[in-house]
Every structure is written in C-alpha cells, then in structure tokens.
Amino acid sequence: MALPLRTSLTLCLAPRSRAFSVSAAQQANSAYKLVVVGGGSGGCSVAAKFAKKLGKGKLAVIEPAQTHYYQPMWTLVGGGMKSAEQSGRPMKDVLPAAADWIQDRVVSFDPSSNKVTTSSGDEISYEYLVVAMGIQINWDGIKGLKEALDTPGVCSNYSPKYAEKTYKELQAFKEGNAIFTFPNTPIKCPGAPQKIMYIADQYFRKTGKRDKANIIYNTSLPVLFGVKKYADALWEVVKKRDITVNTRRCLTEVRPDTREAVFVNLDKPDEQYVEEYEMLHATPNMSAPDVLKSCPDLCDAAGYVDVSKDTMQHNRFPNVFAIGDCSSLPTSKTAAAVAAECGILAKNLRAVMAGQKAQATYDGYTSCPLVTGYSKAILAEFKYGAEPLETFPINQGKERWTSFIMKKELMPFLYWKLMLNGNWNGPRTFRKLLHFGMGN
Ligand code: FAD
Ligand code: UQ1
C-alpha cells in the first residue's frame, strides 16, 4: 500500500540509527550477499538502497575513513562561505545501520574468486560487489606542490585542510599574480578549479584589492569548459572580469622558496614559463586508485573499473558494478552524476540478483553549479556527448542568484537528507514535470 506523502517524507527525513564498525577480524572470511567498497557519495547511497531489504549481516561497506565529507562544499569553504567542519559528518552517522561497516582499506581484488582483501589481511567474500572508491589524489604528482601547500601563498580546495587555507590566502593577498591551475589528468568536478577563481575575483573587488591583482587561469585543457554552451558563457565572464586564461598550460613545478610556479605549453613541450605568484590555487593530479590499477582484470587501460557505460555492470564480471569517480563511465565525475547513477545501478543490481538482465540505462547525466562569485552561479547540466540536459525551463547558461542559492543551501540538504539515505536519484522526474509538453 502506498504511504501518504507526509508519512513517507517523514520517513525519508527522520534521523537514522547509527552504523557501528565491525572489525575486519570479526568478519574475516565471512561471505556477504553484497560488499560495497568505499563509503563516500556513491558507496553510502548504494548501501542505503540495499541495507534494509537485505537485512543484518548481508551487506558490508568497507571504508577506512572516520569522516564522510560533502566535497562540493569545499569550493564554498575556500571562499569563506562555509567551514570545513560543516562539510564533514562522522562516517558512523551516514552509513546505514543495517550494514556492517568494516573500517579498513581494500588492498586487493580477486574478482575470479569473488573476494577482496583488506589491509589487515582479512578476506571478505561476496556474491555481488559494488566498487565506489572514488578517484585518487596524487599530491606528489606535481614537483614541489606537496611541500608548497604548507608555505605561504599556496592552497587547494581539493582537501578540507587546504580549502580553509584558500580563504586565508584570499585574506592575506596584497598584490601580484593570483594563479589558478587545472592539471593534465582527469579530475573530479572539472568546474571546481575555476569556480574558486571567480570567487577570488569577487573577494578582491569587495576588499578593494582587485586593481592590484593579476588573475590568471592556466589550464591543461584546450577549452575553458567541456560543454560549448557553458564554455561560451564562461568566456563572457572572464572577459568581463579581466581574467587571463591560458589553455594547454600545465603546472609542472612549484618553487615555494622563490614563490615561482613553472608551467609547460602542452602543445610545445620545449616552451616553459616561470611565473611568480602571490597566491597559487593548485588542482592536484588525480588518477584511478593504485589498488584498482593493480587488478587489470577489473579495469580499463587507465585503471578505472571497466563497466558498461549504460548499465554500470562490469564488462567481464556480471556480479560486479561500479559507481562514481572510480568507474570508467565516460562522464564528468561529480556527486550529481553519482546521484543519477545510483538509481540505475540499484535497478540493475536488483534485476541481476533476481536472475534477470540489467536493462536500465544511464544517460550520462552530470551537473556542475559553476559558482561565479558570492551570489551567482551558472547551473551546468549535461549528459553523454557533452549535450546540455537542463532541469529548469530557463536559460541555465546565465549567471543566476537562484542557481547559487540552490548550490549553497539546497544541495547540502538534498545530499545529507535524501541522497545518502538512498532517496535521491537526480532531478530526472522534476525535469520531466517542468518540461511537460515542451518536447524535452
Ligand atoms: P568519494 O565520495 O570520493 O568516495 C570514495 C570513498 O572511497 C572515500 O570515502 C574513500 O575513503 C573510500 N576509499 C578509497 N580507497 C579505498 C580503499 N582502498 N578501500 C575502501 N575504501 C576506499 N560534485 C558535484 O556534484 N557538484 C559540485 O559542485 C562538486 N564540487 C566539488 C568540489 C571539490 C573541491 C571537490 C573535491 C569535489 C567536488 N564534487 C562536486 C565532486 C564530488 O565530490 C565527487 O564526484 C563525488 O564525491 C564522487 O563520489 P564517489 O563515491 O565516487 O567518491
Ligand atoms: C544534484 O543532484 C547533486 O547531487 C546531490 C548535486 O551534488 C551536489 C548538484 O550539485 C546538483 C546540481 C544536482 C542536480 C539537482 C538539481 C535539482 C538540478
């Protein structure tokens, strides 16, 4: 029987009981119906969809971290609009109570024998596996960056600690070059390296320092953004704000002693540029997790879990699925993508568990609220093929206050209260309703 709307909303939003971690030793060699590797955005959301139905002792989440972070908030942390503390919650509070939380790290996969091994040497076997390990940040991938992050001027929103430092650098900035970089690797949230630049621009204007700041965006990409509609809109923003953009320019070294950043022109590798910085916001290199790369059976050539771009089912092991940043899904790596993926994965995994075929298909939906300051954002939403797929029947390529408020206030609520409880599969239903009769 369908629940009345009020009752079902109350159930969705009610605080949940907590997950307690079970030691890997307690669970050693135990066989689970479903094992989820990683308790981040994807792992936690998938686990929530299966935990109650499977019941106690049937589902394990293997996740080493004590704290679950809502990473999209780190852009706002860098701009001083939220604190790093607000972006994190204890892992035990977000993982479903009906799941066994094995607080450990997976160190190897053996998909032919349906088991994984954790750092404490325990083997956990499964009938079905969901890999949700995220992307690996390689802080030492750029010479000198790791050390430079603890010196004046250098920061990065790609960790909560250094995102807090970003705001300190904005405050400390006096005059000179403020440089923002995009590395020569795939990254999560490809809009984030430039969002903080627009925030910096506005911060400098607010505090009377803008005429002393030379704002430079050095990106390894050949474009400002991968979707033409939003790239065109962003080019207008950079022109209007007097920001210098250099494409195909990749950060190769940071020299904190002389406050210099070294760049190479990726099209002419002999061309090097040494630029002095007053402030450097660096986006680190990223890659598939090493542990995946060491299991070629599971991965594509780059080390991402080799799944069907439509069904998210593994291309060789039908009892294995992947979600989010560690997957080979050819879309932009965001939490918004994870939300849409989660609904598809859950449908397909349920079908496979029932002996049927995986038939639900993911369209590649992803979204990136491109924050352009302290009160506006461009709400990029697109699908496979870099084709816009917008929720609202307005031009989302325009800078809007409503898009900013949605990013700052609505999204965190939606994430903690709905998505992590398995109750948010992206805005597809709203999009259909809002475009009803409009042929979209
Ligand atoms: P994660 O959420 O990163 O989770 C991976 C989990 O796996 C982690 O908990 C980790 O501890 C665990 N793990 C790793 N290794 C192992 C192991 N060996 N064994 C077991 N567990 C392991 N997305 C948006 O939609 N909108 C935005 O505006 C946005 N802005 C962003 C801004 C910044 C600065 C950053 C950093 C990210 C942003 N994102 C945004 C991206 C978004 O946060 C990620 O795409 C999303 O969190 C991916 O989810 P995931 O589950 O794949 O990985
Ligand atoms: C979204 O679904 C989502 O997942 C929770 C985000 O992650 C933080 C987003 O940033 C966005 C924009 C969406 C899409 C949602 C709507 C209502 C457009």
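Whatever order the structure lists ligands and atoms in, that order sets their numbers, starting from 1.
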Can an N or O of [X] be found at a distance shorter than 3.5 Å from an N or O of ligand 1?
X    : value
C368 : no
V338 : no
S41  : yes
N157 : no
E63  : yes

Practice task
For this output row, return yes or no: ring centroids of F392 and F430 closer than 6.0 angstrom.
Solution key: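 No, ring centres 6.0 Å or more apart.
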Problem - Ring centres under 6.0 angstrom apart (Y158, W139) - result: no
Atoms of ligand 1 less than 4.0 Å from [X] heavy atoms?
X    : result
G324 : 52 (O)
V37  : 19 (N), 20 (C)
I62  : 20 (C), 21 (N)
K333 : 45 (O)
Y158 : 36 (C)

Which bit of [X] gets closer than 4.0 Å to ligand 1, counting heavy atoms only: side chain, backbone, both or neither?
X    : value
A132 : backbone
Q136 : neither
R105 : both
P369 : side chain
K407 : side chain

Problem - Whether P64 lies under 4.0 Å from ligand 1, heavy atom - result: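 Judged by the 4.0 Å heavy-atom criterion, P64 does count as contacting ligand 1.
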Identify the closest protein heavy atom to [atom]: which residue and atom is it, and at what distance?
atom                    : result
atom 51 (O) of ligand 1 : G42 N, 2.8 Å
atom 40 (C) of ligand 1 : P72 CG, 3.5 Å
atom 39 (N) of ligand 1 : C189 CB, 3.5 Å

With sequence neighbours excluded, give me every salt bridge (Lys or Arg N to Asp or Glu O under 4.0 Å) pair touching [range].
range            : answer
residues 190-203 : D201-R205, D201-R210, D201-R241
residues 50-67   : K56-D100
residues 316-345 : D306-R316

Answer yes if the side chains of [X] and [Y] hold a donor-acceptor pair under 3.5 Å, and no otherwise.
X    : Y    : result
Y162 : D150 : yes
S120 : D104 : yes
Q194 : Y198 : yes

Problem - Result of checking N425, N423, N421 against K49 for side chain to side chain donor-acceptor pair (under 3.5 Å) - result: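 Running side chain to side chain donor-acceptor pair (under 3.5 Å) over N425, N423, N421 with K49 returns exactly one hit, N425.
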Handout entry: Sole residue of S113, S112, P111 in side chain to side chain contact (heavy atoms under 4.5 Å, CB included) with F109
Key =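 Testing F109 for a side chain to side chain contact (heavy atoms under 4.5 Å, CB included) against S113, S112, P111 leaves exactly one candidate, P111.
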Please tabulate, one line per pair, the protein nitrogen or oxygen atoms found under 3.5 angstrom from a nitrogen or oxygen of ligand 2, with distances to 0.1 Å, or say none if there are no such pairs.
from, atom 1, to, atom 2, distance (Å)
ligand 2, 2 (O), W424, NE1, 2.8

Problem - V36 to G43 - nearest heavy-atom pair and separation - result: CG1-CA, 3.6 Å
Problem - Sub-4.5 Å side-chain heavy-atom contact between P318 and Y128 - result: no
Practice task
Answer yes or no: is there a donor N or O on one side and an acceptor on the other, between the side chain of S327 and the main chain of I323, under 3.5 Å?
Solution key: no
